[in-house]
Amino acid sequence: MLVKIKQFFQKYESTPVILALLVLVSYGLTLPFIGFFMDDWYLIWFKHIFGAPQFPQYFAVDRPFMGYFYILANTLLGGSESPLAWQIFALFTRWLAAWSILGFLNTLWPEAKKRNILVAALAAVFPGFTQQWIAAIYSFFFACLAGWVFSLTLMLKAIRQPKHFWLYTAFSLVLGIYCYAASEFYFGLELIRPVVLWIEFSRSKPTFLARLKTAFVKWLPYLAAYIGFGVWRGFFYTSAHHEVTLSEQLSQSPLAFLLDSIRKTVQAVVDGAFTSWLNPLNLSNYPEKGKVPLLILAEIIFVFIGFLFWYSRIKTINAKEQLASEEAQWQKEAFWLAMISLVVAILPFLAANLPVSTIYPFDRFLLAYIFGSCLFVVVLVDKKQIGLIFITLLIAVSSGYQVTQSIYYKNMYQQQSDFFWQLSWRAPQLQKNTIVLSEELPFAEVFSSDSLTAPLNMIYNPAQDNENMAFALLQIYQLPDTIKNYSPDQPVPYTIRNFIFAGNTSQMIVIKKPADGCLRVLTPEDYVDATLKEKSREFWQAATPLSNLNQIIPETDSPANLPEKYFGKEKTDQWCYYFEKADLARQQGQWQNVIDLYTQAELKHFKPLNVYEWIPLIQAYTFSGNIEKAEEISSKLLNDDVTNGVLCNVWNNMIDNNSPSLVKTAVDNELLILKCKSQ
């Protein structure tokens with residue numbers, strides 16, 4: 001058995017398996033600990049409510065052909081809503097794209113099969129794109145990349161097998177059109193098709209004119225379809241999220257648009273062909289402490305040695321050394337195919353005025369640069385043994401870089417899960433039409449405000465069966481114009497694709513979730529840090545007085561439900577569990593319950609993480625008559641102006657017409673100790 005396995009891995013036919021293993025070790029190590037991100041939430045939520053056959057309706061507003069892919073994908077996955085199932089599916093489509101690139105290159109350049117492996121392996125770990133774990137969305141884009149590249153292979157087969165010309169051409173046309181029309185990312189890449197035809201006919205049509213004529217004739221059906229889609233998309237269909245702005249840009253200043261387009265194209269080529277590969281070599285992109293850096297280093301070494309060992313021993317059928325003239329021809333053809341690919345890839349993004357960059361989230365547009373970039377690298381550094389070692393090192397380091405990204409996504413997913421568990425402990429249920437409002441959450445980079453509204457409704461309104469949302473989670477930093485007037489009873493209409501929400505400013509709870517603390521539901525009297533930046537301070541000063549704790553239902557027969565498959569297991573053995581429960585008890589005036597919860601937490605060696613998390617206990621001791629204990633805690637916390645401001649605000653707010661005289665006297669004394677001004 002072992003002998004057969006060894007013999008298999010010495011054959012070229014083992015390449016797809018090696019690509020699959022490379023994809024697995026680069027992206028799959030954290031899959032069991034990762035859930036949904038960004039628009040994945042809406043896809044799953046929409047499917048859960050309306051069913052997969054309605055996906056074309058979901059995408060009708062911006063990518064009208066995209067929904068049909070998700071009908072097929074849901075069928076293949078058995079209708080699964082499991083994050084793990086979608087993550088595995090995304091790995092499959094990533095592998096499929098790399099394998100498709102290998103198949104195309106082997107068809108175009110069968111004499112360069114070993115070089116083609118290097119291109120496919122680089123494509124499998126291409127580090128310019130770092131959003132692999134947004135699985136439901138990007139499984140589509142990788143499937144389209146695989147399909148579009150395969151359409152090139154079918155085109156070549158049509159030419160080489162005249163007997164099946166029309167069959168292969170029909171399949172090539174349909175597949176190619178769907179993939180660039182549905183995704184739009186690969187619309188520019190379609191322009192390398194005539195280049196591929198030119199290369200193909202260079203073998204049989206030695207004269208320039210004969211080659212040009214033949215290539216153009218074969219390209220005509222693809223060109224007609226390409227122009228047809230371009231005209232329809234540019235002039236007859238308006239996308240809600242990806243509007244073509246080419247005519248507007250040209251009308252403002254044609255010369256400025258031309259110069260800016262050249263600049264953007266050059267920058268995108270540099271990012272796609274160079275910067276993308278430099279990022280994995282930058283040590284600042286890796287964690288510095290703990291076991292993780294060592295594990296990543298071990299993974300890089302494993303991939304480097306394993307790939308180099310395997311690559312050095314595989315044999316191709318009828319393998320022979322390329323003649324110098326053949327090698328020079330390949331270098332020339334591959335270089336121009338790569339360069340033209342890198343240049344034309346930007347076209348759909350120029351048309352929509354979208355920036356191509358290695359910086360998240362715009363690195364998603366570098367998907368269109370995978371083919372050209374990986375081919376360019378192999379052409380550039382493929383210098384026998386030295387080139388092989390360099391490219392293998394690049395593959396290994398890029399794989400380790402992707403492992404680093406996977407750990408980042410795992411951590412972001414954990415923060416998201418913790419956030420919703422904490423919210424459910426603090427707010428067991430919410431009144432309908434509640435807005436959960438914040439400035440920005442610490443994990444917002446991979447969870448937009450729009451996307452988090454989906455799990456909020458899943459948790460608090462699992463029985464939803466139509467487009468009307470009961471709740472909305474708004475991060476004003478990302479959606480600054482959603483609330484225009486921070487006055488009571490102002491309408492807040494909010495739509496996300498097919499979903500509709502109608503609330504108002506008197507139906508909000510304002511929350512704050514620091515990176516190093518627990519989620520807090522603010523009260524209208526809460527302190528606003530005067531040291532915040534002006535824009536941030538203005539938001540909290542306007543929003544905090546509108547926080548309506550009556551929107552929280554403390555006791556209910558239908559509490560928030562967090563499915564384990566989305567949010568993991570409930571982890572109550574942590575400080576934030578006790579804090580949220582204590583803060584809920586504070587809202588209800590259950591002061592002894594607050595004290596008991598803090599005591600239970602202390603017995604487990606948990607303690608508050610910042611001054612704000614001491615507030616319920618200070619208030620509980622004060623209103624329970626244990627003034628000395630409340631004063632003791634406050635005195636110990638005195639540290640800086642911000643802490644002092646928070647404490648002064650707390651003690652000032654404990655004076656009201658309903659406070660016992662003993663409390664008022666104690667508060668006055670503490671205000672003197674803290675050197676606070678009475679309000």
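Quick note: residue numbers are just sequence positions, from 1. All heavy atoms count here, side chains included; hydrogens, waters and symmetry mates do not. What you see is a predicted model, and the numbers here were worked out from it, not measured in a lab.
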Hey, what do you get for [atom1] ([X]) to [atom2] ([Y]), rounding to the nearest 0.5 Å?
X	Y	atom1	atom2	answer
S80	N74	OG	CG	8.5 Å
M66	S183	CE	OG	8.5 Å
T15	N116	OG1	CG	10.0 Å
D418	Y577	CG	OH	15.0 Å
T275	D363	OG1	CG	12.5 Å
L91	Q132	CG	CD	6.0 Å

What closest approach, in Å, do [X] and [Y] show between heavy atoms, and which atom pair accounts for it?
X	Y	answer
I71	A52	CG1-O, 3.3 Å
T482	Y494	CG2-CD1, 4.2 Å
K513	P442	O-CD, 3.1 Å
L22	A124	CD2-CB, 4.1 Å
Y286	T404	CD2-OG1, 3.2 Å
S139	A90	CB-CA, 3.9 Å

Residues 342-358 side chain polar contacts: donor-acceptor under 3.5 Å, at least two apart:
residue: N353; atom: OD1; partner: K264; partner atom: NZ; Å: 3.0
residue: S357; atom: OG; partner: I359; partner atom: N; Å: 2.9

* To do: Classify the angle between the aromatic ring planes of F371 and F104 as parallel (below 30°), tilted (30 to 60°) or perpendicular (above 60°).
  =>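 Tilted, since the angle between the ring planes falls between 30° and 60°.
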
* To do: Anything under 30° is parallel, anything over 60° is perpendicular, the rest tilted; go ahead and classify F89 against W86.
  =>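 Answer is perpendicular, since the angle exceeds 60°.
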
Hey, does the side chain of [X] reach the backbone of [Y] with a donor-acceptor pair shorter than 3.5 angstrom?
X	Y	result
W45	S451	no
Q87	G35	yes
S26	V23	no
N279	G128	no
T30	I407	no
R364	P361	yes
Q402	F129	yes
T93	F142	no

* Audit row: Y566, F420, ring pair (Phe, Tyr, Trp, His ring centres under 6.0 Å) steps and yes/no -> CA-CA 11 Å; Y566 297 141; F420 280 112; over 10 Å; no

Picking from [options], what satisfies ring-ring contact (aromatic ring centres under 6.0 Å, His included) with [X]?
X	options	value
F419	F567, W425, F443	F443
F59	F140, Y68, F65, Y70	Y70
Y27	Y409, W133, F126, F92	W133

Is any side-chain heavy atom of [Y] closer than 4.5 Å to one of [X]?
X	Y	value
I49	F499	yes
I483	M508	yes
I435	Q507	no
Y401	N285	yes
F69	F141	no

* L102 and its side chain to side chain contact (heavy atoms under 4.5 Å, CB included) partner, picked from I117, V119, V149 ->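 When side chain to side chain contact (heavy atoms under 4.5 Å, CB included) is applied between L102 and each of I117, V119, V149, only I117 qualifies.
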
* To do: Under the side chain to side chain contact (heavy atoms under 4.5 Å, CB included) rule, what do I34 and K410 come out as? Steps first, then yes or no, please.
  => CA-CA 5 Å; I34 286 180; K410 179 184 80 70; 4.1 Å; yes

* To do: Assess whether ring pair (Phe, Tyr, Trp, His ring centres under 6.0 Å) is satisfied between Y226 and F187, documenting all intermediate values.
  => CA-CA 8 Å; Y226 186 76; F187 180 74; 4.3 Å; yes

Are [X] and [Y] linked by a side-chain donor-acceptor pair shorter than 3.5 Å?
X	Y	result
S151	Y178	no
Q429	T556	no
Q131	Y138	yes

[X], [atom1] atom: more than 12 neighbouring heavy atoms under 6.0 Å:
X	atom1	answer
F171	CZ	no
K565	NZ	yes
W277	CH2	yes

* Looking at residues at least two apart in the chain, or sitting in another chain, which of them share a side chain to side chain contact (heavy atoms under 4.5 Å, CB included) with Y413? ->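 Residues passing side chain to side chain contact (heavy atoms under 4.5 Å, CB included) with Y413: F37, Q416, S417.
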
* Asked: Does the ring centre of F46 sit less than 6.0 Å away from the ring centre of Y42?
  ->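 When the ring centroids of Y42 and F46 are compared, they turn out to be at least 6.0 Å apart.
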
* Within 45° of the six-membered ring axis of Y58 and under 6.0 Å from that ring's centre, is NZ or CZ of R497 located there? ->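 Ring-cation test returns yes.
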
* Worked check of ring pair (Phe, Tyr, Trp, His ring centres under 6.0 Å) between Y408 and Y360 -> CA-CA 13 Å; Y408 169 76; Y360 177 94; 7.9 Å; no

* Could you give me the CA-CA distance, side-chain angles and deciding distance for C179 and C144, then say whether disulfide (SG to SG under 2.5 Å) is met? => CA-CA 5 Å; C179 290; C144 282; 4.6 Å; no

* To do: Test D271 against Q267 for side chain to side chain donor-acceptor pair (under 3.5 Å), laying out the working first.
  => CA-CA 6 Å; D271 283 342; Q267 184 60 55; 3.2 Å; yes

* To do: In sequence, state the C-alpha distance, the side-chain angles, and the governing distance for T453 and M469, and then conclude on side chain to side chain contact (heavy atoms under 4.5 Å, CB included).
  => CA-CA 9 Å; T453 291; M469 298 186 294; 3.6 Å; yes

